[in-house]
Amino acid sequence: MKNFIEELQWRGMLHDSMPGTEEHLLEEMRSAYVGFDPTADSLHIGNLVPIMLLAHYQRCGHRPIALVGGATGMIGDPSGKSSERNLLDETTLRHNQECVKAQLGHFLDFSSDEQNAAILVNNYDWMKNISFLEFIRDVGKHITVNYMMSKDSVKNRISSESSEGMSFTEFTYQMVQGYDFLHLFQNMETTLQMGGSDQWGNITTGTELIRRIGNGKGYAITCPLITKSDGSKFGKSEGGNVWLDAKRTSAYKFYQYWLNTSDEDAEKYIKIFTFLDQETINSLIEEHKVAPHERVLQKRLGEEVTNLVHGNEEYEKAIAASNILFGNSTSDDLKSLDEQTFLDVFDGVPQATVTAADIAEGLDMIGALAAKTNFLKSNSDARRALNENAVSVNKEKVDENFVITAKDLIADKYVLLQRGKKSYFLLSVE
RNA sequence: GGGGAGAUACUCAAGCGGCCAACGAGGGCGGACUGUAACUCCGCUGACUACGUCUUCGCAGGUUCGAAUCCUGCUCUCCCCA
């Protein structure tokens, strides 16, 4: 049995644990669970930390259980929230659960014959049949309101004067989540719950229930909330959340997110989000310090995580796309791409169409940037960009007098426009 | 209820009869540099049929050759006294 706690410690993934947890885990194979909120039909990289907790857990020889919060998702966790949550209906939740399940399969081994194969459960399955009366009689009786009120998640909501208060529903959340732990303890020998450090309060309600009702002992491990060194929120890019689903965040953008992490964060993240061992990571860090501009850390981090989430084929494509967009690729390189690759690379770039006649006549730059396409918000904006020497056609800088004609078409129907280095626009001809 | 201050572009904030599409700062965007970074430097940042024209300074009227600037009314915000 590999020492899970030690593993978490050097990776910087241990925030807090209940006394005795380490010994408990070293004795024999144990089952632990982490809950996931099915609030969307995809997980995002913020969920990656608890996922990695489970994945490392399984690699240490223990049995990970992923709990999809169908029931708890209907209530809404008040932790860290300043206002009442919106509730989702059952159909949406069911759909989301299916999607989340598929994504977790990339990280956890659900199908092996080993004793520690991962298991997926949905708390809706056991919560749905419990009546309100049963619950308050059999479970509620054992926990005092005083105890519940002492939790930070509750205190913060009822004490802050600006808030609208807290509904009974949300107040009950910790009981429902705590009951999950009790249920898993009694039915699946689950003795450990893990989660982000904001979940500590909810988890201890669970261990309390296990002590009082289950006559047993439950353990808890929390991991730190992931931060970014510049203070912005982890897992957000300009486009919003960075999702694990390629339909929401393309593999290319996903890779780019990791590649763009700061040096300081990359050191932290590579420990958390990859399975690389300590020795490998240390030598990578050393290598990075010698030549920071090579960004070996960021590249390796991006490689590992993208491979894990999207697979090797998608990773290779992301690299290819990155080279075209940021490497020294020329107009000729662009024109040599076949249509499918070209579209893959520029997936998600704003597009507009112009007619073949426009091209035949020769399309002026104002028309291409604004008048006919609305890529930029006004003709003035387009003129400004041209004056700033910011506009490129097929990666070559052009001025206001440039006219797009048939010779500029890629794959006979596309023209790649750029304003500055980072904003691309794709013009296609019909 | 009484008294006072104010509302200006994405934000903060000057301007107080013509020289105002409106100082300055922040932000945003672009250029040089660079590691697809940080720092630094430079430029741009109302629109258009663009060396000119048009619409903007809480809203609606008015005075004037001419108003963001003066007058009247309205709406909203803040402060002080009761």
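These values consider heavy atoms only, across backbone and side chains, with no hydrogens, waters or symmetry-generated copies. Order of the sequence lines fixes the chain letters, A, B, ..., with proteins taken first and strands second; residue numbering starts at 1 for each chain.
- Between A:Glu400 atom CD and B:C51 atom C1' the separation is 14 Å, expressed in whole Å.
- Within 4.0 Å (heavy atoms only), A:Ser378 reaches sugar-phosphate atoms of the nucleic acid but no base atom.
- Contact of A:Glu388 with B:G43 (side chain to base): a donor-acceptor pair of N or O atoms is detected under 3.5 Å.
- Salt bridge status for A:Asp381 with A:Arg419: present, with a side-chain N to carboxylate O gap under 4.0 Å.
- A:Lys422 has its NZ atom 10 Å from the P atom of B:U36, to the nearest Å.
- The base of B:U34 sits within donor-acceptor range of the side chain of A:Lys421, with an N or O pair under 3.5 Å.
- At a cut-off of 3.5 angstrom, the base of B:G30 holds no donor-acceptor pair with the side chain of A:Asn387.
- Surrounding CD of A:Gln115 are at most 12 heavy atoms belonging to other residues, nucleotides or ligands under 6.0 Å away.
- Counting to the nearest Å, the P atom of B:G35 and the CD atom of A:Glu287 are 17 Å from each other.
- Rounded to whole Å, atom P of B:G46 lies 10 Å from atom CG of A:Asp381.
- Remark: A:Glu304 engages A:Arg300 in a salt bridge, criterion side-chain N to carboxylate O under 4.0 Å.
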Check your understanding: How far apart are the C-alpha atoms of A:Tyr173 and A:Met148, what are their side-chain angles, what is the distance that settles it, and do they pass the side chain to side chain contact (heavy atoms under 4.5 Å, CB included) test?
Key -> CA-CA 10 Å; A:Tyr173 182 88; A:Met148 293 173 72; over 6 Å; no
